[in-house]
Engineer: 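Encoded as C-alpha cells, here's the structure I'll be asking about.
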Amino acid sequence: MTLRRTCRELLLDVLVRRALTPSEEGGPVGRVQLIVDDSTMKTLNSFVRMADLLDTEGVTNVELLERLREPLPELDALYCLRPEAHNVELLLRDFEASCRPQHRGVHLAFTNQLAEELMSKLAENQKLAPRVQSLVEAPLSFVAIQDRGFHFNFRSGLLSLFPTADSIVLERAVHGLCDVCRCLHASVPCIRFAQSDLCKAVAEGLQCALTDMVPRDGACGNGAASCDLLIVDRSIDLAATLIHEYTYEAMLYDVLDGDILDIDRNVVRVKEKEGEAELLISDADALWEELKHMHIEDVMHALDAKRQEIAKRLDMRNGKSTDELRKLVVECRDDEELIRRMNMHNTLVEKLFQRLQDDQLMSIGPLEQDIACGIDRSGKDVKAAGLQAQLAKMLGELETVMPSEAKLRLVMLYLACVANVPETDRGKLIEMAQLAPEDQHVLMAMLRTRLMEVPATQRHRLGKGITHRVTKDQATQFKHRARSDGHRELSRFEPRLKLLLEQLVDSTLSEEEFLRFPSNNDTCRSTTGQHSGLRTAGTTSYAPPAGALPIAPCTADWTFAAWTNNGVSGRGTDAHGQTGKSQVTRRIVVFVLGGVTLSELRAAAEVTQQLPCNTEVLLGGTSVLTPRRLVHQFRPATALASADQGKVDLF
C-alpha cells in the first residue's frame with residue numbers, strides 16, 4: 001500500500017468514521033462538519049480529494065478554522081488541526097458564546113502530539129470540554145507528493161538548517177520522519193545517515209523517538225515490511241537544485257513559476273472562449289500523469305499524436321446512426337475535457353519553448369551539463385580549469401542578453417561542482433558575472449551556508465588543487481549516458497540520489513560514507529511510557545465529569561487496525577484509482593535535509609519501475625525545491641522575514 005493510500009485510509013476510515021460512529025449501538029450515524037486549519041488543508045489535499053470527503057456519508061462540508069463561520073449548534077464537528085497554540089485559541093473562540101455555541105458535540109483530531117499545556121487549556125475550558133466526545137492524535141504532520149514522495153513544507157529549510165541548524169526545525173524534522181515511519185508501519189527501520197553532524201543529529205533523534213514508541217514486547221513490528229531509511233543533506237548533490245532539467249514537470253515548475261503557473265496552488269492561467277480561466281494541475285489529470293516525466297520534445301510529439309487521435313475519432317462519427325450517436329454522447333463529454341486539458345498543456349509547452357530562447361538556455365545548457373557532470377558530450381573527463389575558462393568566456397559573450405538569475409545559477413553551479421577554487425579566481429568570476437544587487441545578495445548568502453564547500457570527509461579524496469567533485473560512480477554513469485545511442489546532450493546529468501537509491505536496493509551503498517545504527521539499539525528507550533500508534537482520549541459513549549475533558553488510556557496500535565474494521569478498509573479504491581492492498585515486503589526511503597527536487601522524484605519513479613512490485617521506493621525532504629524557489633529563498637526580503645525576531649517560517 002502506498003504512503004498516500006495509507007494516509008487516506010487513516011483520515012477517512014479512522015478519524016472521520018470514528019467521529020460518525022453512533023453514540024449508542026443501533027443508533028443513527030452522525031453528521032459532522034469538518035474544520036481544518038490552512039496547513040492541515042494542504043496536508044489533506046495531498047492525499048485525498050475534497051470531493052471524496054464530501055461523498056463520505058455524514059460529512060456535510062469542509063471549512064477553514066481561520067474563517068468566521070455561521071454557528072451550527074445542532075450539528076457536531078470534527079476539528080482536524082495542527083497542535084499549535086494559535087489553532088487552540090481559534091478553537092476555543094468558537095465556543096465563547098454559551099448561548100449560541102458553534103457546534104453541539106466536538107471531535108478533536110490533531111496531526112501530531114498535543115503539548116501538555118495545550119491539553120490542559122482544552123480540559124480546563126468549561127465551555128468546550130463538556131462537548132468533547134473524542135480526541136485523537138494522528139501521524140499526519142507531512143505532505144504527500146505523488147505516490148512515492150513526502151515533504152514537510154519547510155519553506156526556509158536551507159536558511160534554518162545551514163550552516164547551523166535551528167533546534168526547532170530539527171525537532172520538527174524528527175517528528176515528521178517519525179510520523180512517516182508510523183504511517184508506513186516501519187517501527188524498526190534500518191537507519192543510515194551521511195557523515196555530517198546534521199544528518200547524525202536527525203538520525204539519533206529519530207532512533208530515540210521510534211524506540212520510545214515501540215512497545216517493549218516489539219509486537220508492533222510483526223509482519224511489517226522491512227524498511228531501509230537513508231538520511232542525507234542537500235550538500236550530497238547541490239547541482240540537482242541548480243541545473244536546468246528538461247523533463248516536463250521539472251522544467252515547468254522551474255521556469256514558469258510566477259508566470260502563468262502558480263506552484264503554491266498548482267493552477268495554470270489559460271485563455272479560453274469565455275475569457276481567462278484557472279485550471280488545476282493534479283494527479284487526477286491522466287494526461288499530466290502520462291506527460292510529466294517526459295522530455296519536453298517528447299511531450300510536444302505526444303500532444304500532436306493526441307490531437308490526431310481525437311480528430312480521427314471525431315471524423316469517424318460522421319455517418320453514424322442515431323442510436324450509435326447517442327452512445328457517443330458520453331465520449332463527446334470526455335473528449336471535451338481532454339481537449340481542454342490538451343489546450344492547457346499546449347499553452348504550457350509553447351511557453352516553455354519560448355523561455356528556452358528568451359533565457360538563452362540552448363547556449364547555456366551544454367556548459368551547464370559539462371559543469372554538473374565533469375564529463376563532456378563525448379564522454380571524456382573535463383578539466384576544472386577548462387570549465388572556468390569556458391564559464392568566463394560565456395559570461396563575457398552573453399553579458400547583455402543573459403538574465404542575471406541565469407548567470408547566478410551558472411556561477412553557483414560551478415562553485416558547487418568544482419572544489420578548491422582559489423579565492424582570487426572566485427572573485428574574478430563573480431565580478432565578471434555583473435549580477436543584479438539582489439542576485440549578488442543571494443550568492444553571498446548561499447556561500448555563507450557552506451553548502452558549496454567540500455565536506456571534511458571528502459577532502460582527502462579531492463586533494464588540494466582545483467578539481468571536479470564528481471564521484472567515481474557518478475563519472476562512470478555520466479560517461480555511459482554520454483556515449484549511449486539516442487541520448488540527449490542537455491540531459492546527460494542525473495541526480496546522485498538515483499544512484500544512491502539503486503545502491504540501497506542492491507545493498508552496495510558505501511558503509512564508510514553512509515553509517516548505520518544497529519537495528520537493536522535500545523540505548524534511547526524511555527521509561528516514561530510514551531505512546532505508540534494513535535493516542536486517543538474519550539469515546540462517543542463516554543460520559544465525562546462535568547467540565548472535564550474525557551481521557552481514556554492510550555492505544556498501542558501501530559497499524560491502526562482497531563479503528564479500520566479489523567484492518568480491512570471499507571473503500572475499494574483510493575483517490576487515484578488504486579484498488580486492493582499490495583503486499584509490500586521491502587521499503588527504501590531516502591530523506592533529504594534541505595529539500596528534494598522534482599528531478600529526484602522523477603528519478604525515484606524510474607528506479608521503482610525497475611523493481612519487483614513488492615518493493616516500494618519513497619523519497620522525502622524538508623521541502624520540495626525548484627531552482628527558482630532556492631534562489632528566492634535567499635532574496636533579501638525572504639531572508640529578513642525568516643530571521644525576524646528569531647522566527648522560522650516553516651509552514
Side-chain angles (χ1 to χ4, degrees), residues 235-247 250-251 295-297 356 360-398 402 406-407 409-422 425-426 428-429 432-433 452 454-455 458-503 508 510 513 597 599-600 602-603 606 627:
S235 66
I236 199 77
D237 183 14
L238 201 56
T241 69
L242 296 168
I243 194 169
H244 286 90
E245 163 99 2
Y246 298 96
T247 52
M251 187 177 183
H295 189 277
I296 186 64
E297 286 187 20
L356 277 172
Q360 303 293 318
L361 295 186
M362 299 307 294
S363 300
I364 297 171
L367 179 57
E368 267 192 344
Q369 293 292 316
D370 287 353
I371 293 174
C373 297
I375 305 296
D376 65 18
R377 69 188 72 182
S378 61
K380 297 179 180 178
D381 295 332
V382 296
K383 301 294 183 182
L387 286 176
Q388 183 172 312
Q390 290 181 55
L391 176 57
K393 181 181 179 182
M394 178 165 289
L395 290 174
E397 291 178 347
L398 300 180
M402 189 190 304
K407 291 188 285 186
R409 284 171 61 170
L410 261 180
V411 172
M412 288 200 299
L413 181 65
Y414 176 78
L415 296 178
C417 295
V418 178
N420 307 324
V421 178
D425 290 354
R426 188 174 72 178
K428 289 178 181 178
L429 280 176
M432 288 189 67
M452 293 187 284
V454 179
Q458 296 181 20
R459 287 173 190 160
H460 69 282
R461 179 178 65 85
L462 296 173
K464 295 183 178 180
I466 182 171
T467 184
H468 202 283
R469 292 173 58 177
V470 65
T471 67
K472 184 177 179 180
D473 289 339
Q474 281 182 293
T476 300
Q477 182 188 61
F478 293 150
K479 287 178 181 179
H480 174 74
R481 287 176 63 84
R483 294 166 180 168
S484 61
D485 293 334
H487 83 276
R488 288 185 167 93
E489 182 184 342
L490 299 187
S491 298
R492 288 178 277 134
F493 176 80
E494 278 283 17
R496 190 184 178 195
L497 279 186
K498 184 175 185 179
L499 189 60
L500 298 183
L501 282 169
E502 292 170 343
Q503 292 173 342
T508 58
S510 169
E513 191 174 356
T597 69
S599 61
E600 289 165 338
R602 184 259 309 157
E606 292 173 353

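The figures that follow rest on heavy atoms only: side chains count, while hydrogens, waters and symmetry mates do not. Nothing here was measured: the structure is a model prediction, and the numbers come from that model.
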Engineer: Any sub-3.5 Å donor-acceptor pair from Asp376's side-chain atoms to Val382's backbone N or O?
Structural biologist: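 Not a single qualifying donor-acceptor pair exists.
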Engineer: Can you name the residues that form a side chain to side chain donor-acceptor pair (under 3.5 Å) with Arg496, not counting sequence neighbours?
Structural biologist: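 Once residues adjacent in sequence are excluded, the partners of Arg496 under the side chain to side chain donor-acceptor pair (under 3.5 Å) criterion are Glu513.
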Engineer: Only counting residues at least two apart or in another chain, list the ones meeting salt bridge (charged side-chain N to carboxylate O under 4.0 Å, His left out) with Glu494.
Structural biologist: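 Applying salt bridge (charged side-chain N to carboxylate O under 4.0 Å, His left out) to Glu494 gives Arg481, Lys498, Arg602.
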Engineer: Closest heavy-atom contact between Ser491 and Tyr246?
Structural biologist: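 Heavy atoms only, the tightest pair is OG-CB, 4.4 Å.
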Engineer: Could I get the full list of side chain to side chain donor-acceptor pair (under 3.5 Å) partners for Asp425, not counting sequence neighbours?
Structural biologist: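 If we apply the side chain to side chain donor-acceptor pair (under 3.5 Å) test to Asp425, skipping adjacent residues, the hits are Gln388.
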Engineer: Check salt bridge (charged side-chain N to carboxylate O under 4.0 Å, His left out) between Asp370 and all other residues, then give those that pass, not counting sequence neighbours.
Structural biologist: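 In terms of salt bridge (charged side-chain N to carboxylate O under 4.0 Å, His left out), with neighbours along the sequence ignored, Asp370 is linked to Arg492.
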Engineer: Could you tell me which non-hydrogen atom of Glu245 sits nearest to which non-hydrogen atom of Ala250, and how far apart they are?
Structural biologist: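 Reported closest heavy-atom pair: CG-CB, 3.3 Å.
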Engineer: Could you tell me whether the side chain of His480 and the main chain of Gly379 form a donor-acceptor pair under 3.5 Å?
Structural biologist: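 Pair absent, no side-chain N/O of His480 close to backbone of Gly379.
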Engineer: Considering residues at least two apart in sequence or located in another chain, which fulfil the side-chain contact (heavy atoms from CB on, under 4.5 Å) criterion with Ala239?
Structural biologist: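 Residues passing side-chain contact (heavy atoms from CB on, under 4.5 Å) with Ala239: Asp237, Ala372, Leu413, Cys417, Phe493.
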Engineer: Using salt bridge (charged side-chain N to carboxylate O under 4.0 Å, His left out) as the criterion, list what pairs up with Arg426, not counting sequence neighbours.
Structural biologist: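 Checked Arg426 against salt bridge (charged side-chain N to carboxylate O under 4.0 Å, His left out); matches are Glu423.
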Engineer: Going from CG on Leu490 to CZ on Arg377, what distance comes out if it is rounded to the nearest 0.5 angstrom?
Structural biologist: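 The CZ atom of Arg377 is 9.0 Å from CG of Leu490, to the nearest 0.5 Å.
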Engineer: Please round to the nearest 0.5 Å and tell me the distance separating atom CE of Met362 and atom NE2 of His244.
Structural biologist: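 Answer for the CE-NE2 pair, Met362 versus His244, is 12.0 Å.
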Engineer: At what distance, to the nearest 0.5 angstrom, does CZ of Arg409 lie from CD1 of Ile243?
Structural biologist: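 Output value for this atom pair is 9.0 Å.
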Engineer: When rounded to the nearest 0.5 angstrom, what distance separates CG in Leu242 from CE in Met412?
Structural biologist: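 It comes to 5.0 Å.
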Engineer: Between CD of Gln390 and CG of Leu410, what distance do you get to the nearest 0.5 Å?
Structural biologist: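 Atom-to-atom, Gln390:CD and Leu410:CG are 11.0 Å apart.
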Engineer: Looking only at heavy atoms, what is the nearest atom pair of Val411 and Ala433, with distance?
Structural biologist: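 Nearest pair, atom of Val411 first, then Ala433: CG2-CB, 4.1 Å.
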Engineer: Looking only at non-hydrogen atoms, find the nearest pair between Thr597 and Glu600 and report the distance.
Structural biologist: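 What the structure gives for the nearest pair is N-OE1, 2.9 Å.
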Engineer: For Ser363, what residues pass the side-chain contact (heavy atoms from CB on, under 4.5 Å) criterion, not counting sequence neighbours?
Structural biologist: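 Checked Ser363 against side-chain contact (heavy atoms from CB on, under 4.5 Å); matches are Gln360, Leu398.
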Engineer: What pairs with Ala392 under side-chain contact (heavy atoms from CB on, under 4.5 Å), at least two apart in sequence or on another chain?
Structural biologist: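 Listed in chain order: Leu429, Met432.
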Engineer: Any idea which heavy atoms bring Leu238 and Thr241 closest together, and the distance?
Structural biologist: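 Minimum heavy-atom contact is O-OG1, 2.6 Å.
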Engineer: Does any part of the side chain of Leu356, heavy atoms only, come nearer than 4.5 Å to the side chain of Met251, both counted from C-beta?
Structural biologist: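 Met251 reaches Leu356 side chain to side chain.
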Engineer: Does anything in residues 467-479 form a salt bridge (charged side-chain N to carboxylate O under 4.0 Å, His left out)? List the pairs, not counting sequence neighbours.
Structural biologist: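 For residues 467-479: Asp381-Lys479.
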Engineer: Could you give the distance from CD1 (Ile364) to CD (Gln369), rounded to the nearest 0.5 Å?
Structural biologist: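 These two atoms lie 12.5 Å from each other.
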Engineer: With sequence neighbours left out, what residues match Ala475 under side-chain contact (heavy atoms from CB on, under 4.5 Å)?
Structural biologist: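 If we apply the side-chain contact (heavy atoms from CB on, under 4.5 Å) test to Ala475, skipping adjacent residues, the hits are Ile375, Val470.
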Engineer: Holding to side chain to side chain donor-acceptor pair (under 3.5 Å), I want the full list of residues that pass it with Gln474, two or more places apart in sequence or in another chain.
Structural biologist: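 For Gln474 the side chain to side chain donor-acceptor pair (under 3.5 Å) partners, ignoring immediate neighbours, are Thr471.
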Engineer: Excluding sequence neighbours, so at least two apart, what forms side chain to side chain donor-acceptor pair (under 3.5 Å) with Ser484?
Structural biologist: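 Listed in chain order: nothing, the list is empty.
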Engineer: Which heavy atom in Ala240 sits nearest to a heavy atom in Ser599, and how many Å separate them?
Structural biologist: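 Taking Ala240 first and Ser599 second, the nearest heavy atoms are O-OG, 4.1 Å.
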